[in-house]
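Because the structure is predicted, anything quoted here is derived from the model rather than measured. Any value given below was found using the heavy atoms of this structure, including those in side chains, with hydrogens, waters and symmetry copies removed.
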Amino acid sequence: MFNLPQALKRLVIGRAMRSEELGETLLPKRLALPIFASDPLSSVAYATGEILLVLTVGGTAFLYLTPWVAAAVVVLMAVVVMSYRQVVHAYPSGGGSYEVVSKNLGASAGLVVAASLLVDYVMTVAVSVASGVDNIISAFPGLADYRVGFALGFVVLLTAMNLRGVRESGRAFAAPTYLFITAILLMIGTGMIRVVFGETPVAESAAYGIEPEPGKANLAGLALLLLALRAFASGCTALTGVEAISNGVPAFRRPKSKNAATTMAAMGLTAVVMFVGVTWLAMIAKVHYVDDPCQLTGVSGDCANYTQPTAIAQLAASVFGGSDSILFYVVQAATALVLILAANTAFNGFPLLASILAQHRYLPRQLHTRGDRLAYSNGIIALAVVAGALLWFYQANVTSLIHLYILGVFTSFTLSQFGMVRHWNDVLRTGTDPAVRSPARRSRVINAFGGVFTALVLVIVLATKFTQGAWLAVLAAAVLWLMMRGIRRHYDAVFDELAVEDARAESVRPARVHGVVLVSKLHKATLRALGYAQAFRPDSLEALTVAVEKDATEELCSQWSAYDVQVPLKVLDSPYREITKPVVQYVREYRRNHPHEAIAVFIPEYVVGHWWEQLLHNQSALWLKSRLLFTPGVMVISVPWQLSSAPRADRPARRAPGAMRRGEPAPVRDVPEPEKL
């Protein structure tokens with residue numbers, strides 16, 4: 001039988017993969033880089049612009065701070081990359097910051113990191129997609145009215161690609177990421193050559209003046225320092241996603257830790273080179289980028305309707321000879337693609353982290369299950385739904401979303417670095433080998449410096465962005481932390497409640513079993529339920545019906561006598577025409593009067609072949625089961641009767657992988673090569 005939903009599912013995500021094929025999904029470094037590092041690489045497209053947005057609140061007077069702010073961001077990037085290289089070697093199981101903090105600073109601190117990262121992954125998707133749509137609009141301003149629709153469409157596309165599996169999404173996203181790197185380096189190189197030959201690029205916005213915000217024209221002292229710190233906090237968006245590689249170590253080919261560390265080093269070096277080059281070009285070309293277009297003086301027409309090109313768009317136009325050149329469109333297309341695909345970092349990091357948390361009983365166990373393509377499908381879908389809701393609520397506005405960003409990632413940076421310091425302290429306390437102690441001391445210094453530096457950044461980010469919207473990210477992380485604690489308490493309580501203390505005492509059989517068959521009419525489904533109940537050989541058995549309509553009840557009693565059914569029929573009165581309540585009351589009363597007996601309730605049900613048929617049948621049975629399941633000592637047994645539309649044994653339905661799964665596939669084992677004789 002043709003199944004349209006399954007056919008569409010196979011078309012979108014491909015054939016189902018066996019657990020034994022997990023090894024085929026492991027990533028080489030060339031694919032791991034675009035999958036796990038697209039976020040920090042793509043942030044080059046907006047990190048410089050975010051610095052300029054803050055500094056231009058005072059007009060052009062404070063743009064001289066740009067190189068100093070950028071230098072601080074570069075130093076921080078180097079420290080964080082070196083620190084996380086230590087993490088992937090020390091904790092290769094894929095827990096990243098969460099595992100480091102949980103093992104060294106305690107479970108509660110680990111949950112703080114986990115909640116912060118989960119929130120930040122959601123923001124990564126929202127900000128990356130919104131920023132990518134911004135770059136499309138910079139090239140085609142007429143599309144501005146369709147911003148939200150484009151953003152949501154890209155989230156759906158990313159979700160579908162990631163449901164196909166890690167390796168497949170890596171192949172699809174590798175080319176745009178490498179195209180972006182090439183395009184940005186080409187733009188930087190061309191700009192440098194033009195400067196050397198005396199043809200300095202000039203941005204379109206260089207001709208516009210900037211009107212300072214009220215009271216911001218002559219900042220000095222502490223106010224100027226706060227402005228610089230706020231610009232630094234905004235520029236730190238360049239570091240988002242750096243930790244994703246440490247979470248994804250299990251997805252690398254062997255040797256996993258070495259390959260992950262190499263990929264992280266390549267990511268850090270590439271991101272620093274591009275960020276420095278773009279910032280240098282922005283200063284040379286005199287890019288003016290403001291929060292409110294009406295701050296720009298000299299703009300023709302209504303400033304409120306002026307669509308401000310992104311910093312990257314202005315640089316590409318100035319370097320390659322205008323916004324109608326081919327290379328301008330290449331840079332814009334590559335930037336838009338990589339910004340949208342940067343969300344893929346979160347689509348890999350979020351499900352992996354959620355899976356680990358689910359394994360530790362902090363999130364629903366369904367998030368630990370792999371789907372058809374051996375990806376964590378439930379986590380991918382959950383991330384897409386929440387990120388899509390944010391994009392819709394904030395109308396895919398980067399400026400509004402960016403204030404919710406990077407707070408979580410610096411929380412994880414800071415706690416993980418201090419966790420690594422404790423890790424190295426333990427190594428030095430227990431280890432005596434000089435070959436181990438010397439690298440441990442060096443690593444401890446790196447992590448200690450990184451912890452202090454990122455803690456300072458966290459304070460700055462919190463102070464400068466809290467009132468602008470970061471409070472919502474803090475609140476979301478706090479709620480998520482409480483929710484995960486509650487889920488763990490529930491799972492622990494269920495585990496304790498179900499734990500076997502005395503197998504002999506707790507497996508005592510009931511004294512008697514009383515069978516009840518629910519009856520509405522006398523037909524084949526009813527007779528099958530009666531026969532099935534008799535096959536169970538209960539100590540006593542009766543049929544039960546509810547007198548809703550007098551004529552129908554009398555007809556049933558007459559048929560019961562005419563066909564000489566050997567099971568007694570009990571009729572329950574129902575003056576208010578209810579079905580569920582009289583049955584539940586009868587069963588519960590019987591249970592109270594016979595506390596040592598178990599009651600087996602047999603419910604005839606129809607098996608249908610179409611979803612709309614299900615709406616026409618079994619509704620009373622559904623309500624009865626939902627009520628009876630809460631009654632101790634009552635077993636509810638469905639007795640199916642397959643209607644002609646249902647799939648039959650001689651016409652089996654095709655296997656529908658993904659309907660329900662549990663746990664992880666068996667670990668992939670390396671088969672040793674045979675010894676040569």
* **Leu462/Val474 under side chain to side chain contact (heavy atoms under 4.5 Å, CB included): CA gap, chis, key distance, verdict** => CA-CA 9 Å; Leu462 189 61; Val474 175; 4.1 Å; yes
* side chain to side chain contact (heavy atoms under 4.5 Å, CB included) evaluation trace for Phe232 with Val69 -> CA-CA 5 Å; Phe232 172 63; Val69 173; 4.1 Å; yes
So, do [X] and [Y] sit near enough that their side-chain heavy atoms are less than 4.5 Å apart?
X: Leu33; Y: Met267; result: yes
X: Phe453; Y: Val75; result: yes
X: Val125; Y: Leu390; result: no
X: Val122; Y: Phe350; result: yes
X: Val338; Y: Leu41; result: no
X: Val156; Y: Leu152; result: no
X: Glu99; Y: Val87; result: no
X: Cys236; Y: Leu76; result: yes

Using modelled atom types and a 3.5 Å cut-off, is there a donor and acceptor pairing between side-chain atoms of [X] and backbone atoms of [Y]?
X: Arg444; Y: Trp424; result: no
X: Thr430; Y: Asp426; result: yes
X: Ser234; Y: Ile51; result: no
X: Ser416; Y: Phe413; result: yes
X: Asp120; Y: Ser116; result: no
X: Tyr178; Y: Arg30; result: yes

Within this structure, what is the [atom1]-[atom2] distance for the pair [X] and [Y], rounded to the nearest 0.5 Å?
X: His360; Y: Leu111; atom1: NE2; atom2: CG; value: 10.5 Å
X: Ser83; Y: Asn447; atom1: OG; atom2: CG; value: 4.5 Å
X: Asn259; Y: Lys29; atom1: CG; atom2: NZ; value: 4.0 Å
X: Phe275; Y: Leu239; atom1: CZ; atom2: CG; value: 9.0 Å
X: Asp492; Y: Ile487; atom1: CG; atom2: CD1; value: 12.0 Å
X: Gln366; Y: Ile381; atom1: CD; atom2: CD1; value: 12.5 Å

Please find the pair of heavy atoms, one from [X] and one from [Y], that lie closest to each other, and give the distance.
X: Leu105; Y: Leu415; answer: CD1-O, 3.5 Å
X: Gln417; Y: Gly450; answer: CG-C, 3.9 Å
X: Ser43; Y: Pro40; answer: OG-O, 2.6 Å
X: Ala358; Y: Arg365; answer: O-CD, 3.2 Å
X: Tyr491; Y: Leu363; answer: CE1-O, 3.7 Å
X: Val54; Y: Leu227; answer: O-CD1, 3.6 Å

* Evaluation steps, side chain to side chain contact (heavy atoms under 4.5 Å, CB included), between Thr263 and Phe252 -> CA-CA 10 Å; Thr263 304; Phe252 282 79; 3.4 Å; yes
* To do: Using a cut-off of 6.0 Å, state whether more than 12 heavy atoms not belonging to Arg488 lie near its atom CZ.
  => yes
* To do: Using the side chain to side chain contact (heavy atoms under 4.5 Å, CB included) rule, take Val242 and Met77 through it: C-alpha gap first, then chi angles, then the decisive distance, then the call.
  => CA-CA 9 Å; Val242 169; Met77 170 74 83; 4.1 Å; yes
* Report yes or no: do Tyr84 and Ser97 form a side-chain donor-acceptor pair below 3.5 Å? => yes
* To do: Quick one: sort the Tyr362 and Tyr98 rings into parallel, tilted or perpendicular, breaks at 30° and 60°.
  =>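 Perpendicular, since the angle between the ring planes exceeds 60°.
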